[in-house]
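So the structure is just underneath, and the comments pick up after that.
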Amino acid sequence: MSNMQRAIEALRASKKVVFFTGAGISAESGIPTFRDKLTGLWTKHDPERLETAAAFRENPALIWSWYLWRRHQVGQAKPNAAHLAIPQLSNAGWDVSVVTQNIDDLHERAGSSQVVHLHGSLMDVKCFACHRLGKLTPAQLEIAEEGQLIEPPRCVRCNGKLRPGVVWFRENLPEGAWRSAVRLVKNCDLLISVGTSGIVMPAAGIPNMALAAGATVIHVNLEDVGLDAADEVMLTGAAGMLLPALLRALEVGAPLPSGGFT
Ligand code: APR
């Protein structure tokens, strides 16, 4: 049986599905991943200089301007066929939830209602000093002119600097989000892991957690990231093609593009 056929059978037999997603699911929306050889953000920028509390302390304007730019980029992007396939499965009667490492809001804009953000969200800000969540005015969302840096706004309660509501390296994941993710993963019968390199812990441990809880795991990635476990299926290719094709095989979602599935 082909891997695609095994994946179709696993989805047909499932009721509770968790989509575990990484930067690869947003790549076809024009959002660069982190580690892809040519296009990954970390091939051009040093994450230590942009995604740590120490970097923010050292140069808050640089970090703030970097996130305003990323937020602007996400604002320009649209959910792609992979994002859109997920709520289609939910509308077709499966119990579907999303556990994502992504800080963009493309799952929500695609219509997914149950989305757990393990690494925070670009849409949130919080105070670097008192940690309370903040809100931004449209003016504060304006991106910097080329080469210009913008100082982070101040917390209305303690006048501390506002920082992006995302998880930086060497920071703990938001407790509530992690607890929700573990509960969903341990109670699902199918985990579909899409577009993640499986490098950054503790999130990268989620496929194994699902396998250990008796679920089947389907990996969708341009590269072979499978662990060759018995209840594991590797689908190698673009998420924007493979997820809709998987649903169509179960007559869920939009008709097949002309030329069929290669
Ligand atoms: N379809 C499927 N997979 C894809 C696609 C695509 N169109 N494009 C890229 N990929 C795959 C790549 O092969 C790679 O395995 O997506 C993966 C992206 O990996 P990373 O760039 O490492 O992103 P991710 O796994 O989400 O990173 C985890 O690291 O930098 C931190 O906090 C950041 O949440 C992020 C975490």
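Note that ligands are numbered from 1 as they come in the structure, with each ligand's atoms numbered from 1 the same way. It should be emphasised that the depicted structure is a prediction, and the values quoted were computed from it without experimental measurement. Positions are given from 1 along the sequence.
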Could you list the atoms of ligand 1 found under 4.0 angstrom from a heavy atom of Gly195?
-> 3 (N), 16 (O), 17 (C), 18 (C)
Take every heavy atom of Val200, measure it against each atom of ligand 1, and state whether any distance is under 4.0 Å.
-> yes
From Glu51, His119, His117 - option closest to atom 32 (O) of ligand 1 by heavy atom | His119
Ligand-residue contact atoms, ligand 1 with Glu28, heavy atoms, under 4.0 Å | 1 (N), 6 (C), 7 (N)
Pairwise side-chain contact, Val99 with Leu118, heavy-atom cut-off 4.5 Å (strictly under) = yes
Heavy atoms, side chains only, cut-off 4.5 Å: are Lys126 and Arg132 in contact?
-> no
What part of Trp168 sits under 4.0 Å from ligand 1 if we count only heavy atoms: the side chain, the backbone, both or neither?
-> neither
Atoms in ligand 1 flagged as close to Thr196, the criterion being non-hydrogen separation under 4.0 Å = 15 (O), 16 (O), 17 (C), 24 (P), 25 (O)
Numbering the atoms of ligand 1 from 1, which are under 4.0 Å from a heavy atom of Ala238?
-> 1 (N)
Charged N to carboxylate O under 4.0 angstrom, Glu51 versus Arg70?
-> yes
Other cluster members, Ile199 - Ile/Leu/Val/Met/Phe/Trp/Tyr, side-chain contacts below 4.5 Å | Val200
Hey, is ligand 1 close enough to Ala239 that some N/O pair sits below 3.5 Å?
-> yes
Short version for Gln101: what comes under 4.0 Å of ligand 1, heavy atoms counted, is both
Ignoring hydrogens and angles, state whether a donor on the side chain of His219 or Thr196 is under 3.5 Å from an acceptor on the partner side chain.
-> no
Answer yes or no: are there more than 12 heavy-atom neighbours, outside Arg49 itself, under 6.0 Å from its atom CZ?
-> no
Do His117 and Ile103 come close enough that some side-chain heavy atom pair is under 4.5 Å?
-> no
Is there a donor-acceptor contact under 3.5 Å linking the side chains of Thr236 and Asp224?
-> no
The atoms of ligand 1 lying under 4.0 Å from a heavy atom of Gly237, numbered in the order shown, are 1 (N), 2 (C)
List every atom of ligand 1 that sits less than 4.0 Å from any heavy atom of Gly22, numbering the atoms from 1 in the order shown and giving each element.
-> 26 (O)
Any N or O on Asn102 sitting closer than 3.5 Å to an N or O of ligand 1?
-> no
Count the heavy atoms belonging to other residues, nucleotides or ligands that lie under 6.0 Å from CD of Glu9, then report whether that count exceeds 12.
-> yes
Numbered in order shown, the ligand 1 atoms found under 4.0 Å of a heavy atom of Ala27 are 8 (N)
